[in-house]
Student: 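Below: one structure in structure tokens.
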Amino acid sequence: STFVAQRGIYKHSDRDLVVDEPGAQIILIDSHGAKLPEWRREMLELAEIIATKLQQESVVVEIQKNGRSVETIGVGP
């Protein structure tokens with residue numbers, strides 16, 4: 001896995017408020033050949049834990065295959 005710390009800037013979903021806060025990316029690579037449904041379920045469970053523990057409105061999960069985005073999902077606590 002790879003962790004990237006960065007500033008996160010986004011527009012709040014309920015208001016026209018622009019939020020500028022510390023952010024991060026976590027890059028996980030399936031090196032064991034899990035089937036996509038299993039991998040997807042595990043990543044969504046992890047995103048929900050991260051959103052809950054870090055008190056985030058949502059965590060974005062992007063699933064890629066061979067460097068191409070397959071699915072992008074917003075996960076809340």
Side-chain angles (χ1 to χ4, degrees):
S1 63
T2 301
F3 301 90
V4 179
Q6 61 191 28
R7 297 295 301 167
I9 300 174
Y10 65 95
K11 192 175 212 179
H12 195 278
S13 62
D14 295 338
R15 306 179 293 265
D16 281 337
L17 175 67
V18 174
V19 178
D20 182 351
E21 65 182 7
Q25 289 184 22
I26 303 170
I27 301 165
L28 301 170
I29 298 172
D30 172 23
S31 60
H32 297 289
K35 301 291 183 192
L36 183 56
E38 177 186 355
W39 178 255
R40 182 184 187 278
R41 180 185 51 76
E42 290 175 358
M43 294 305 101
L44 294 179
E45 287 176 7
L46 177 60
E48 186 175 352
I49 291 167
I50 291 170
T52 300
K53 294 218 179 230
L54 298 180
Q55 300 176 354
Q56 294 297 301
E57 181 179 317
S58 68
V59 170
V60 176
V61 175
E62 181 181 47
I63 297 176
Q64 296 183 3
K65 185 169 185 172
N66 299 325
R68 292 186 182 204
S69 182
V70 173
E71 186 176 13
T72 303
I73 311 139
V75 179

Student: Under a 3.5 Å threshold, yes or no: a donor from one side chain and an acceptor from the other, between S69 and Q64?
Tutor: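 Side-chain D/A pair, S69 to Q64: absent.
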Student: So which pairs with a foot in residues 38-47 pass side chain to side chain donor-acceptor pair (under 3.5 Å), sequence neighbours left out?
Tutor: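 Non-adjacent pairs meeting side chain to side chain donor-acceptor pair (under 3.5 Å): R40-E71, R41-E45.
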Student: Looking at every heavy atom in both A51 and G76, which two are closest together, and how far apart are they?
Tutor: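 Scanning both residues, the minimum pair turns out to be CB-C, 4.0 Å.
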Student: Can you tell me if E21 has over 12 outside heavy atoms packed within less than 6.0 Å of its CD?
Tutor: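 Atom CD in E21 is crowded, with more than 12 foreign heavy atoms closer than 6.0 Å.
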Student: Determine the minimum heavy-atom distance between A47 and V61, stating which atoms define it.
Tutor: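 Here A47 and V61 meet closest at CB-CG2, 3.4 Å.
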Student: Over all heavy atoms of both residues, which pair between M43 and L28 is shortest? Give the atoms and the distance, please.
Tutor: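 Looking at all heavy atoms of both residues, the shortest contact is SD-CD1, 3.5 Å.
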Student: For D20, enumerate each residue passing the side chain to side chain donor-acceptor pair (under 3.5 Å) test, keeping only those at least two apart in sequence or located in another chain.
Tutor: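 R7.
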Student: The test is side chain to side chain contact (heavy atoms under 4.5 Å, CB included); show your working for I63 and L36 and say whether it passes.
Tutor: CA-CA 9 Å; I63 297 176; L36 183 56; 3.9 Å; yes
Student: Please write out which residues are connected to V18 in a hydrophobic cluster, directly or through intermediates, given that two of Ile, Leu, Val, Met, Phe, Trp, Tyr count as joined at side-chain heavy-atom separations below 4.5 angstrom.
Tutor: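 Besides V18, the hydrophobic cluster comprises I9, listed by chain and residue number.
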Student: Okay, side chain of Q56, backbone of L54: is any donor-acceptor separation there less than 3.5 Å?
Tutor: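 Pair found, side chain donor or acceptor close to backbone of L54.
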Student: Applying side chain to side chain contact (heavy atoms under 4.5 Å, CB included), run through V60 and I73 and close with a yes or a no.
Tutor: CA-CA 6 Å; V60 176; I73 311 139; over 6 Å; no
Student: For the residue pair T72 and E62, what are the closest heavy atoms and their distance?
Tutor: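 Smallest interatomic distance, heavy atoms only, reads OG1-CG, 3.8 Å.
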Student: Apply side chain to side chain contact (heavy atoms under 4.5 Å, CB included) to the pair I50 and I26, showing each step before the final yes or no.
Tutor: CA-CA 11 Å; I50 291 170; I26 303 170; 3.8 Å; yes
